[in-house]
Undergrad: 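What follows is a single structure, and I will ask about it in a moment.
Chain naming here is simple, since letters A, B, ... match the order of the sequence lines and numbering starts at 1 in each. As a basis for the values below, the full set of heavy atoms in this structure was taken, side chains included, without hydrogen atoms, waters or symmetry mates. These numbers come from a predicted model, not from an experiment.
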There are 2 protein chains.
Amino acid sequence: MNTSDKRQEILNAALELIAEQGFHGAPIASIADQAGVGTGTIYRYFETKDLLINTLFQELHDTIQARLMDGYDTDRPVRERFIRAHTALLRFFVAHPLQFRFHEQYLHSPYGVIFRRDHIFGQGGDEDLYRMLLEEGRTRQIVKDFPLVVLFALAFGPLLTVARDHILGFVNLDETLLVQTVQACWDGIKQ
Amino acid sequence: MNTSDKRQEILNAALELIAEQGFHGAPIASIADQAGVGTGTIYRYFETKDLLINTLFQELHDTIQARLMDGYDTDRPVRERFIRAHTALLRFFVAHPLQFRFHEQYLHSPYGVIFRRDHIFGQGGDEDLYRMLLEEGRTRQIVKDFPLVVLFALAFGPLLTVARDHILGFVNLDETLLVQTVQACWDGIKQ
DNA sequence: ATGTTCGGAGTGAACATTCACTCCCATTCT
DNA sequence: AGAATGGGAGTGAATGTTCACTCCGAACAT
C-alpha cells in the first residue's frame with residue numbers, strides 16, 4: 001500500500017462513518033480502525049481532524065462541480081441547462097448515498113455556515129454553474145425576479161430534501177419520479 | 001421562583017445555546033449557567049439530556065402546530081389554505097430565529113431521523129394539517145400526483161432553506177419577498 | 001422537626017492529540 | 001555481494017481535557 005492509498009483509505013473511512021453515524025459517531029479512533037491504520041497515522045496526513053473533514057468536503061465538492069460541468073453547453077436554453085444539471089445532481093446523490101449524507105451533515109454544521117457564506121458572498125463568478133445559470137435566467141426574465149439566495153433555496157431546497165428522503169428509505173425515487181421532481185423544482189423558480 | 005419557572009428557564013437556556021452554538025456548544029454545565037441553576041437541578045426536571053432536548057423539540061412542535069391551526073378553515077380552497085399556513089409558518093420562523101435554528105439543528109441530527117420516520121409513517125391523520133391538506137389537494141388534482149413525501153420536500157425544502165438564509169443574514173426577507181417565496185413554493189407543488 | 005428542593009464538587013468514560021518507539025527499505029560502506 | 005546505517009512512515013499507549021451524570025450536604029418550606 002503506497003502513501004496515497006493510505007490517505008485515501010482514511011478519507012473513505014471518515015466519509016463512511018460520518019455519513020452513517022454523524023460527526024458524533026466518527027471519533028479518530030473509529031476512523032483509524034475503519035481505515036486499518038493506527039490513530040497516529042492519521043496525523044501524518046492531516047494536521048487536525050477539522051482539516052481532514054474540510055479536505056473531504058472540498059474534494060467531494062470539486063467532484064460534483066466537475067460532474068455538473070461535464071456536458072454543459074452554454075448554447076442550450078436556460079431551462080434545458082437547468083434541468084440537465086439538476087437531474088445530473090440528483091442522480092449523483094441517489095447513486096452515492098454516503099457522499100450525500102456526508103455533504104448534508106457538513107452543510108448543516110458550523111463548517112457549513114462558513115462555506116455557505118464564502119460561497120454566496122464570494123467573488124466567484126465563473127466557478128459556479130448554478131449562479132451563472134440563474135443570473136442569466138433572471139436577466140432574460142425566464143426565472144423569477146428574486147434575490148439569488150432565494151432562487152438557490154427554491155432550486156436546492158426540494159432537491160436535497162427529496163434526496164435525503166430517498167436515501168433514508170422514506171420514498172423510492174425511480175427514474176420517472178426523479179425527472180418529475182426536477183421538473184417541479186423548475187416550476188418553483190420559473191417566471 | 002417556583003418550580004415551573006425553573007423548568008422553563010432550563011428549556012430557554014438550552015434553546016438559546018443550541019440555536020446559537022449547535023449541540024456541541026451546549027454542554028449541561030453551560031445550560032445550567034445560562035439558566036442560573038446548578039447542574040444537578042437540571043436532572044431534577046429532566047432524566048437525561050436527550051430527554052431535555054426531545055421535550056424542547058416536542059413543545060416547539062406543538063406550539064407551531066397550534067399556530068398553524070389558528071384560523072385554519074376547512075371550507076376555504078386548498079390553495080388558499082396552503083398559502084395561509086405556509087405564510088404563517090415562514091412568519092413564525094422569521095420572528096423566532098432561536099426557535100428556527102434549534103428546530104433545524106434537531107431535524108438534521110439523529111433525533112430528527114427518528115422524528116421524521118414516525119411522522120411520515122405514523123398513523124397520524126388528524127393531527128397533521130399539511131398531510132391532510134396535501135392529500136386532499138392531490139385527490140382533487142389541484143396538486144401534483146406525487147408521493148406525499150415528495151410533496152413535503154417541495155413544500156418545506158425551499159421554505160426552510162430560505163428561512164435559514166434570512167436568519168443567517170444571507171438575504172433580507174421583507175414582507176413582500178416572504179409572500180412571493182410562499183407563492184413560489186405553491187408553484188412547485190401545484191398541478 | 002421533618003420533608004422537599006437545590007447545587008456544585010466529584011466521577012468515570014470518551015475524546016483529540018502527542019510522542020517515544022518500531023520496522024522497513026534504500027543507500028552506503030566493506 | 002553482503003553487512004551496516006539512516007531516515008522516515010507507521011503505531012498505539014499515554015496525556016490532558018471535556019463531558020454527562022451522581023450524590024450528599026445546604027437551604028428552604030411547612
Side-chain angles (χ1 to χ4, degrees), chain A residues 1-59 102 105-106 108-114, chain B residues 1-59 101-102 105-106 108-115:
Chain A
M1 191 188 282
N2 69 32
T3 282
S4 72
D5 277 349
K6 244 171 217 198
R7 194 186 118 97
Q8 201 53 53
E9 284 300 319
I10 292 165
L11 286 169
N12 290 345
L15 175 73
E16 186 174 331
L17 287 173
I18 295 170
E20 287 175 355
Q21 325 259 0
F23 286 105
H24 289 281
I28 287 284
S30 303
I31 295 174
D33 273 1
Q34 176 80 25
V37 303
T39 58
T41 307
I42 290 179
Y43 290 87
R44 298 201 61 75
Y45 292 93
F46 305 96
E47 224 173 287
T48 63
K49 192 187 180 186
D50 273 10
L51 209 62
L52 160 60
I53 289 167
N54 283 316
T55 303
L56 189 51
F57 182 80
Q58 194 57 58
E59 294 192 359
F102 169 74
Q105 304 263 353
Y106 184 94
H108 284 92
S109 72
Y111 302 119
V113 175
I114 294 163
Chain B
M1 192 188 284
N2 69 31
T3 284
S4 73
D5 278 348
K6 243 169 221 203
R7 194 186 117 98
Q8 201 52 52
E9 284 301 318
I10 293 165
L11 287 170
N12 289 346
L15 175 73
E16 187 173 330
L17 287 173
I18 295 170
E20 286 174 355
Q21 325 258 3
F23 286 105
H24 288 280
I28 288 284
S30 303
I31 296 174
D33 274 2
Q34 176 79 27
V37 302
T39 58
T41 307
I42 290 180
Y43 289 88
R44 302 202 56 74
Y45 293 92
F46 304 97
E47 222 171 289
T48 62
K49 192 187 180 188
D50 274 10
L51 209 63
L52 160 59
I53 289 167
N54 283 316
T55 303
L56 189 51
F57 182 80
Q58 193 58 58
E59 294 192 0
R101 295 277 290 149
F102 168 74
Q105 306 263 353
Y106 183 93
H108 284 92
S109 72
Y111 301 120
V113 175
I114 293 162
F115 174 81

Undergrad: Measuring from A/Ile28:CD1 to A/Leu17:CG, what's the distance to the nearest 0.5 Å?
TA: 10.5 Å
Undergrad: How long is the gap from OH on A/Tyr43 to CG on A/Leu51, to the nearest 0.5 Å?
TA: 11.0 Å
Undergrad: Rounded to the nearest Å, what distance is computed from the CZ atom of residue A/Arg7 to the P atom of nucleotide D/dG10?
TA: 13 Å
Undergrad: What is the distance from CG of B/Asp5 to C1' of C/dC6, rounded to the nearest Å?
TA: 15 Å
Undergrad: If each of B/Lys49 and B/Thr41 is mapped to the nucleotide of DNA chain D with the nearest heavy atom, which maps nearer the 5' terminus, i.e. the 5' end?
TA: B/Lys49
Undergrad: For residues 18-26 of chain B, which side-chain N or O atoms pair as donor and acceptor with protein atoms under 3.5 Å away, sequence neighbours left out?
TA:
none

Undergrad: Does anything in residues 48-59 of chain B form a side-chain hydrogen bond (donor to acceptor under 3.5 Å, both in side chains)? List the pairs, not counting sequence neighbours.
TA: B/Arg7-B/Glu59, B/Asp50-B/Tyr111, B/Asn54-B/Tyr106, B/Gln58-B/Asp62
Undergrad: Donor-acceptor pairs under 3.5 angstrom involving side-chain atoms of residues 31-38 of chain A: please list them, not counting sequence neighbours.
TA:
from: A/Gln34; atom 1: NE2; to: A/Glu16; atom 2: OE1; distance (Å): 3.4
from: A/Gln34; atom 1: NE2; to: A/Glu16; atom 2: OE2; distance (Å): 3.4

Undergrad: Roughly, in whole Å, what's the span from CD1 in B/Ile10 to C1' in C/dT5?
TA: 12 Å
Undergrad: Nearest-Å distance, CZ (B/Phe46) to P (D/dT22)?
TA: 15 Å
Undergrad: Please find the pair of heavy atoms, one from B/Leu56 and one from B/Leu11, that lie closest to each other, and give the distance.
TA: CD1-O, 3.7 Å
Undergrad: For D/dG10, does either OP1 or OP2 sit under 4.0 Å from a side-chain N or O belonging to A/Lys6?
TA: yes
Undergrad: Distances under 3.5 Å only, N/O to N/O: pair up the protein atoms with those of nucleotides 18-26 of chain C.
TA:
none

Undergrad: Which ones in residues 23-33 of chain B lie close to DNA chain D, meaning a heavy atom under 4.0 Å from one of its atoms?
TA: B/Pro27, B/Ile28
Undergrad: Atom CG of B/Leu17 to atom C1' of D/dC19: distance rounded to whole Å?
TA: 15 Å
Undergrad: To the nearest Å, give me how far apart CD1 (B/Ile18) and P (D/dC19) are.
TA: 13 Å
Undergrad: Can you tell me how far the CG atom of B/Leu52 sits from the OH atom of B/Tyr45, to the nearest 0.5 Å?
TA: 13.0 Å
Undergrad: Does a side-chain N or O from A/Tyr45 land closer than 4.0 Å to OP1 or OP2 of D/dA9, or not?
TA: no
